[in-house]
Amino acid sequence: MNKNDIYQLRRNALAKQISNKTGGGIAVLATAPELARNHDSDFPYRHDSDFFYLTGFDESGATLVMNVIADGNDYVLESHLFCRPKDLEREIWDGIRLGPEAAPEALGVEFAHSNHDLDQKLVELLADQNAVYIRLAESAEADRRIRHWMKQVRGQARSGINPPTEFQDIETLIHEMRLFKDAHEIDIMRRAAVISARAHIRAMQICKPGMREYQLEAELLHEFRNSGAQSVAYNSIVAGGANACILHYRSGATELRSGELCLIDAGCELDGYASDITRTFPVNGKFTGPQRALYDITQAAQEAAIAATKPSNTFMQPHDAALKVLTQGLLDEKLLKLTEVGSLDNAIETGAYRRFYMHRTSHWLGMDVHDVGSYRETATTASAVSAEKPWRILTSGMVITIEPGLYVRPSDDIDEAFWNIGIRIEDDALINDVGCELLSRGAPVKADEIEALMRDSK
Ligand code: GLY
Ligand code: MN
Ligand code: MN
C-alpha cells in the first residue's frame with residue numbers, strides 16, 4: 001500500500017460518516033500552532049494528532065478542509081490542504097517547506113493552496129453548505145475565525161447564497177476512529193515500545209548509588225534519540241525514594257541512594273505514536289524484604305489485570321482484577337487492617353485502598369499518551385441515554401496501558417519499613433482476537449529478572 005493510501009482511507013472513512021450523518025458537509029481541521037517557550041525561542045514543534053491522523057503532514061501552519069458532496073446514496077470527497085507557501089528566505093532560516101505545488105502528489109490530497117488563501121477559499125467552500133464539522137468550543141481564536149467566515153458567507157445572501165445552518169463536532173468522529181489502531185499504527189507502536197523497553201534496560205544497567213535522577217533521564221533520552229525516536233511521549237519521570245510517591249514527579253536532581261527504589265515512567269514518541277512504560281527497581285540492584293513484598297504484590301496485580309485484558313471484557317475489568325490483588329496484598333502486609341476495614345470486599349467498596357493506590361489501572365494509548373476515544377459505550381436507545389452508560393467493551397485493535405502501583409507515605413500507623421516505597425509497573429497491551437499482546441515486555445518485570453539484569457551489568 002502506498003503511504004498516502006492510509007491517510008486517504010482514513011479521510012474517506014471520515015467522509016462516509018459525514019455523508020451518513022448530515023448528507024455531506026465541510027470539515028475544517030487545523031494542525032497545532034507553534035508555541036513560544038520564552039522570548040524568541042519556541043518549544044519543539046509537535047503537530048496536532050487528529051490532523052496528522054488524516055494527512056500524515058507534520059508541518060505547522062496547515063489546515064485540512066474536506067468537502068463531502070452528497071451523490072445519491074454515495075458521496076464524493078474533495079480534500080483541500082492549506083499549507084505554508086514556498087519562501088526561500090524563510091526556508092533558509094527555518095527549514096524546507098513542502099508547499100502547495102508539491103502537496104497533492106506528496107499527500108494524496110485533491111487540492112492544495114497557500115495558507116494565506118484560507119479565509120477567502122473557506123468563504124467559497126462554505127457557501128450553500130448545510131453542515132460544518134469543526135472542533136466545537138476549541139478556542140476564542142478559532143471561534144473568531146469561524147464567525148468571520150460565517151459573516152462573509154451571510155454577506156452574500158442577496159446573491160442567493162445560503163450560509164451553513166448546522167455545526168457538528170469533528171473530534172468525536174475522528175477519536176472513535178483513532179481508538180482502533182490499523183496495521184500501520186500497530187507496526188509503529190510495536191517499534192516505539194521496543195525502543196522504550198531498551199531505554200529502561202539501559203537505565204537499570206547504568207544505575208548505581210550516588211547517581212542523580214537527571215543522569216538516568218539522560219540515559220533514557222540517549223536511547224530514544226539514538227534509536228530514531230523523535231521525542232519523549234511525555235515528560236520522563238525518574239523518581240528516587242520518596243519521590244516515587246508523587247505521581248506526576250519529573251526527573252529532578254535527587255541523589256539515588258542505596259537501599260531505596262527508583263521508579264522510571266518513560267516512553268518515546270516514534271513517528272507520532274506514544275509508548276508508556278514504568279519500571280521500578282532497587283538503586284543498588286537488590287530489593288529489601290519490604291520492597292520485595294510490595295513489588296511482588298504489584299506484579300501479581302499486573303498479571304491479574306493482563307489476564308482480564310481480552311476481548312468481550314470491559315475496560316474496567318483489568319482494573320477490578322488488579323484492585324483485588326492489590327487490596328488483598330495490603331491486608332496481608334497489614335497496611336490495611338482487617339479489624340478496621342472488615343473484609344476485602346469492604347475495603348474495595350469503601351475505597352480504603354485509595355490511600356495506597358489512587359489512580360486507575362489503564363488508559364487508551366496511541367498518538368497521545370492518554371489517547372482519545374470514549375471510555376463508555378455509546379447509548380443507542382432513549383432508555384440507555386438516560387442510564388449510566390456501560391464501560392467500553394475491549395475489542396481487537398484497541399491499545400491500553402496496564403499500570404497498577406502501590407505508594408506508601410510515612411505515617412504513624414504504618415510500619416516504618418514500608419515508608420516512602422513507591423512502585424508502579426506499566427506495560428502497553430494491544431487487544432487481539434483472544435487476549436492481548438504486550439508490546440513493552442522487552443524490559444524485565446519480575447523482581448528476580450531485574451536483580452539478575454542489574455547484577456550482570458556490574
Ligand atoms: N506516563 C503517564 C501515564 O502513565 O499515565
Ligand atoms: Mn500510563
Ligand atoms: Mn506511564
Side-chain angles (χ1 to χ4, degrees), residues 46 49 178-179 181 189-190 192-204 213 216-217 219-221 223-224 229-240 243-252 261-270 272-281 295 298-299 301-302 305-306 308-309 315-316 318-319 321-323 326 354 356-373 375 392 394 398-407 422-431 436-445 450:
R46 169 53 158 78
S49 297
R178 280 178 53 191
L179 186 50
K181 276 65 182 175
M189 291 189 75
R190 279 202 183 105
V194 166
I195 295 170
S196 296
R198 267 209 309 269
H200 280 264
I201 290 176
R202 185 183 175 93
M204 287 178 198
E213 292 166 339
L216 286 190
E217 183 190 18
E219 297 297 335
L220 297 164
L221 268 174
E223 195 66 43
F224 293 166
Q230 292 82 0
S231 170
V232 292
Y234 52 92
N235 294 328
S236 302
I237 296 172
V238 179
N243 294 338
C245 295
I246 303 168
L247 296 180
H248 287 165
Y249 183 75
R250 287 282 321 269
S251 312
L261 293 175
C262 176
L263 181 156
I264 295 185
D265 184 346
C268 69
E269 180 178 293
L270 179 71
Y273 286 82
S275 51
D276 185 6
I277 303 181
T278 307
R279 291 291 184 267
T280 310
F281 55 89
Y295 189 90
T298 311
Q299 203 235 313
Q302 200 206 28
I306 291 166
T309 302
F315 169 79
M316 221 24 140
H319 177 65
L323 211 48
L326 289 173
R354 284 205 192 101
F356 306 102
Y357 183 47
M358 55 299 279
H359 59 79
R360 286 258 164 83
T361 303
S362 300
H363 54 79
W364 307 134
L365 183 72
M367 289 182 147
D368 299 318
V369 63
H370 296 156
D371 207 32
V372 295
Y375 285 90
R392 199 77 198 237
L394 296 176
M398 292 174 166
V399 181
I400 67 169
T401 62
I402 307 176
E403 48 178 307
L406 285 174
Y407 312 90
I423 294 166
R424 181 163 64 257
I425 307 172
E426 175 173 30
D427 281 288
D428 305 341
L430 165 68
I431 317 298
C436 68
E437 172 191 338
L438 295 174
L439 307 179
S440 46
R441 276 298 170 91
V445 170
I450 290 174

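Both counts, for ligands and for their atoms, begin at 1 and track the order of listing. Note that these values count all heavy atoms, side chains included, but never hydrogens, waters or copies made by symmetry.
The aromatic rings of F315 and Y375 lie perpendicular to each other, with more than 60° between the two planes, well past the 30° mark.
If you look at the Mn ion (ligand 2), the protein N, O or S atoms less than 2.8 Å from it are D276 OD2, H363 NE2, E403 OE2, E426 OE2.
No option in H363, H359, R360, Q302 other than H363 meets the side chain to side chain donor-acceptor pair (under 3.5 Å) test with E403. For the side-chain contact (heavy atoms from CB on, under 4.5 Å) test with D427, the passing option among I306, T401, V445 is V445; the others fail.
With respect to R178 and D368, a salt bridge is recorded, a charged nitrogen being found less than 4.0 Å from a carboxylate O.
Annotation: atom 5 (O) of ligand 1 to nearest protein heavy atom, H370 NE2, 2.6 Å.
Contact record, L438 with A429: CD2-CB, 3.8 Å, taken as the closest heavy-atom pair.
Between the S440 side chain and the D428 main chain, a donor and an acceptor come within less than 3.5 Å of each other. A donor-acceptor pair is defined here as one N or O able to donate and one able to accept, closer than 3.5 Å; such a pair exists between the side chain of R279 and the backbone of P444.
Residue H363 has at least one heavy-atom neighbour below 4.0 Å for each of these atoms of ligand 1: 3 (C), 4 (O), 5 (O). The distance from ligand 1 to the heavy atoms of E426 drops below 4.0 Å at these ligand atoms: 4 (O).
Looking only at side-chain heavy atoms (C-beta outward), T278 and I264 stay at 4.5 Å or farther from each other.
Backbone and side-chain nitrogen or oxygen atoms of R424 are examined, and none is located within less than 3.5 angstrom of a nitrogen or oxygen of ligand 1.
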